[in-house]
Amino acid sequence: MQPSAGDDALAAAPLPTAEVTAPSAGEAPHDPGYAISTRGLVKSYPGPDGATVDAVRGLDLDVRRGETFAFLGPNGAGKSTTIALLCALARPTSGHATVAGFDVATQPHAVRRQVGILFQHSALDPDLTVEQNLRIHARLYGLPRRDVRRRTAEVLEPAGLTDRRRFPVRALSGGMRRRLEIARQLLHSPSVLFLDEPTTGLDPHARAEIWEHLRALRDRLGSTLFVTTHYLEEAENCDRIAIIDGGRLVAQGTPLGLKAEIGDDRVALRTSDDGRAREVVAQAAPPDRPVTVDADGTWLRVPDGSAWIPRLCAALEAHGIAVHAASATPPTLDDVFFHHTGRSITTTPATIGGGR
Ligand SMILES: Nc1ncnc2c1ncn2[C@@H]1O[C@H](COP(=O)(O)OP(=O)(O)OP(=O)(O)O)[C@@H](O)[C@H]1O
């Protein structure tokens, strides 16, 4: 969902051209090592019939400078609302947040000059050329006229779009358009770049290219990247991950650290009779290990999963149940997501050996 700015007067304010000032002490929690810091951040919207929709409920988040940070959550979890708050496009109901050292509630102009935002839906004009789209943005951000040509060339080059600068946007591929949107957001040299599902709708090749581009930008400019994505393999390559569910932060850590917290391997068995297999596996497995039957077959979590496969297969075969396939897999990020939210982030059913 695209952050809706319409509910807040803040969003309608014009972008300033003046230099920003440093925050005064005590306005919001701020550690100079953090690009983003929030404490008890809340956003509630008026809902239907006088009810209140609590989109973000008390978020405590710390994102280090130069970090690539993945923000994961099911649909409606509050990801876009969080981005809107952090970009000062919506006003927090309560709590504090600083971005690049500026308070989103008391210094919204300064925050907006420090951030670039890639929305889920394209904000490019397809009839204008690549350069014209960039110039409009430069003007909106009050870039001095003498700098526009230089900055345009500087952002187009790493995006691989220099030779397309006179093409109308409608003549670009989906991946090129996304790279152009990223380039446009870099024109005013933001220190934090927010990307709301930057690769959704792109084919795997274009997705890989976007990530290559983002990593190169991070390495070259030292920008902090805050990315929402539904693709766990993309989150896997980020420095740290936060999972939000129902507006609350349910997990935060490195991909490795979060998976290590889950610990045990997942052993999945596809059998001739999964209903009976569940009972047999429950008896043969260590006590207090829940055994589940779903589209993947019969599965459970145990330490050193591959050592359990021969034992479980022997027990099943002793009960006349044939085992068609068996696998043991270490925890994946989808397991982490499932563990914290009770559901899978993937839309397609997981397969034995490749799923939860
Ligand atoms: N302007 C608004 N007015 C009322 N409710 C809103 C508004 N914007 C968002 N919400 C509600 O807040 C909750 C969080 O929405 P949000 O768009 O932040 O979630 P999300 O995690 O970005 O979802 P998705 O992955 O589907 O984009 C949802 O219940 C949504 O319906």
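One-based numbering, in listed order, for ligands and for the atoms of each. These numbers were taken from a predicted model, which means no experiment stands behind them.
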Inset, instruction - Locate the shortest heavy-atom distance separating Ala242 from Leu249; write the atom from each residue and the value. - result: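 For Ala242 versus Leu249, the nearest heavy atoms are CB-CD1, 3.6 Å.
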
Inset, instruction - Quick one: closest heavy-atom pair of Gly101 and Gln107, and the distance? - result: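 Of all heavy-atom pairs spanning Gly101 and Gln107, the closest is O-OE1, 4.3 Å.
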
Which option out of [options] puts a heavy atom nearest to [atom]?
atom                    : options               : answer
atom 26 (O) of ligand 1 : Thr200, Thr52, Asn75  : Asn75
atom 22 (O) of ligand 1 : Ser80, Gly247, Gly246 : Ser80
atom 18 (O) of ligand 1 : Thr81, Thr82, Ile244  : Thr81

So, 4.0 Å and heavy atoms of [X]: is ligand 1 close enough to count as a contact?
X     : value
Pro74 : yes
Gly78 : yes
Lys43 : no

Inset, instruction - Please work out whether the ring planes of Phe69 and Phe226 are parallel, tilted or perpendicular, with thresholds of 30° and 60°. - result: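 Aromatic pair Phe69/Phe226 classed parallel.
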
Legend entry - Criterion side chain to side chain contact (heavy atoms under 4.5 Å, CB included) against Leu72, the qualifying member of Ile244, Leu232, Thr341: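 Exactly one option meets the side chain to side chain contact (heavy atoms under 4.5 Å, CB included) with Leu72, and it is Leu232.
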
Inset, instruction - Identify which one of Ile117, Leu118, Leu186 satisfies the side chain to side chain contact (heavy atoms under 4.5 Å, CB included) criterion when paired with Leu193. - result: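 Testing Leu193 for a side chain to side chain contact (heavy atoms under 4.5 Å, CB included) against Ile117, Leu118, Leu186 leaves exactly one candidate, Leu186.
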
Legend entry - Of all pairs that satisfy salt bridge (Lys or Arg N to Asp or Glu O under 4.0 Å), the ones with a partner from residues 278-292, not counting sequence neighbours: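 Found Asp264-Arg289.
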
Inset, instruction - Could you tell me whether Pro46 and ligand 1 have an N or O pair separated by under 3.5 Å? - result: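 It does not: no N or O of Pro46 is found under 3.5 Å from an N or O of ligand 1.
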
Legend entry - N or O contact, Gly76 vs ligand 1, cut-off under 3.5 Å: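 For ligand 1, there is an N or O atom that lies under 3.5 Å from one belonging to Gly76.
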
Inset, instruction - Output, in order, the C-alpha distance, side-chain angles, deciding distance and verdict of side-chain hydrogen bond (donor to acceptor under 3.5 Å, both in side chains) for Ser191 and Gln114. - result: CA-CA 5 Å; Ser191 56; Gln114 291 292 322; 2.9 Å; yes

Legend entry - ligand 1 contact on Val53 by region, counting heavy-atom pairs under 4.0 Å: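 Just the side chain.
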
Would you mind listing which atoms of ligand 1 come within a distance below 4.0 Å of any non-hydrogen atom of [X]?
X      : value
Ala77  : 19 (O), 20 (P), 21 (O)
Gln120 : 27 (O)
Lys79  : 18 (O), 19 (O), 20 (P), 21 (O), 22 (O), 23 (O), 24 (P), 25 (O)

Legend entry - Face-on cation placement of Arg207 at Tyr231 ring, 6.0 Å and 45° thresholds: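 Relative to the ring axis of Tyr231, which defines the angle, Arg207 lies inside both limits.
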
